[in-house]
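Quantities reported herein were computed from a predicted structural model and do not represent experimental measurements. Just so it is clear, the values below take in all heavy atoms, side chains as well, and ignore hydrogens, waters and symmetry mates.
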Amino acid sequence: MPDVRITEYTDPGCPWAYSAEPIRRRLDWLYGNQVEWEVRMVVLATSPDDYVDKGFTPAKQASAFKRIALQHGMPIDTS
């Protein structure tokens with residue numbers, strides 16, 4: 001029986017979601033079976049058009065993701 005239960009709400013399309021991964025891995029390593037980790041997926045948009053309608057085009061997104069990847073070491077494929 002775990003001492004701590006953590007529910008993480010994340011969106012696989014969010015570039016910031018990956019930034020929690022090193023912390024999650026460290027907690028797993030330090031505390032093992034004492035921590036139960038449940039990942040719940042949420043969605044920030046129901047369609048790519050949701051972003052385009054707000055002016056966040058694929059070109060703009062690729063540029064932003066490239067900058068985020070470089071600044072924060074996130075493995076984002078911007079091609």
Side-chain angles (χ1 to χ4, degrees):
M1 181 85 161
D3 296 327
V4 175
R5 290 188 176 143
I6 298 170
T7 302
E8 174 186 4
Y9 294 89
T10 187
D11 180 340
C14 176
W16 302 113
Y18 180 77
S19 66
E21 197 62 18
I23 294 164
R24 186 168 86 86
R25 295 292 175 205
R26 182 161 172 83
L27 289 172
D28 283 342
W29 178 73
L30 287 173
Y31 300 105
N33 294 341
Q34 295 173 348
V35 176
E36 181 180 291
W37 201 284
E38 182 179 2
V39 178
R40 297 267 178 111
M41 297 295 170
V42 297
V43 180
L44 298 177
T46 56
S47 137
D49 293 331
D50 292 346
Y51 290 110
V52 174
D53 292 345
K54 294 174 184 171
F56 203 54
T57 63
K60 189 179 262 186
Q61 187 173 16
S63 174
F65 282 3
K66 183 179 277 188
R67 187 177 62 255
I68 290 168
L70 289 172
Q71 290 175 348
H72 300 281
M74 294 181 193
I76 300 172
D77 180 3
T78 59
S79 61

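Every residue two or more places apart in sequence or in another chain that forms a side chain to side chain donor-acceptor pair (under 3.5 Å) with Arg24 is listed here: Glu21.
Rounding to the nearest 0.5 angstrom, the gap separating the CG atom in Asp28 from the CG atom in Asn33 is 9.5 Å.
Residue pairs meeting the salt bridge (charged side-chain N to carboxylate O under 4.0 Å, His left out) criterion with at least one member in residues 38-64, sequence neighbours excluded: Glu38-Arg40.
Under the 4.5 Å side-chain heavy-atom criterion for Ile, Leu, Val, Met, Phe, Trp and Tyr, Val39 and Leu27 are members of the same hydrophobic cluster.
Chaining together hydrophobic side chains whose heavy atoms lie under 4.5 Å apart leaves Val52 on its own.
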Using distance only, find each side-chain donor-acceptor pair of residues 1-14 under 3.5 Å and give its atom names and separation, not counting sequence neighbours.
unit_1	atom_1	unit_2	atom_2	d
Glu8	OE1	Trp37	NE1	2.9
Asp11	OD1	Gly13	N	2.7
Asp11	OD2	Leu44	N	2.7

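Around CZ of Phe56, the count of heavy atoms belonging to other residues, nucleotides or ligands within 6.0 Å exceeds 12.
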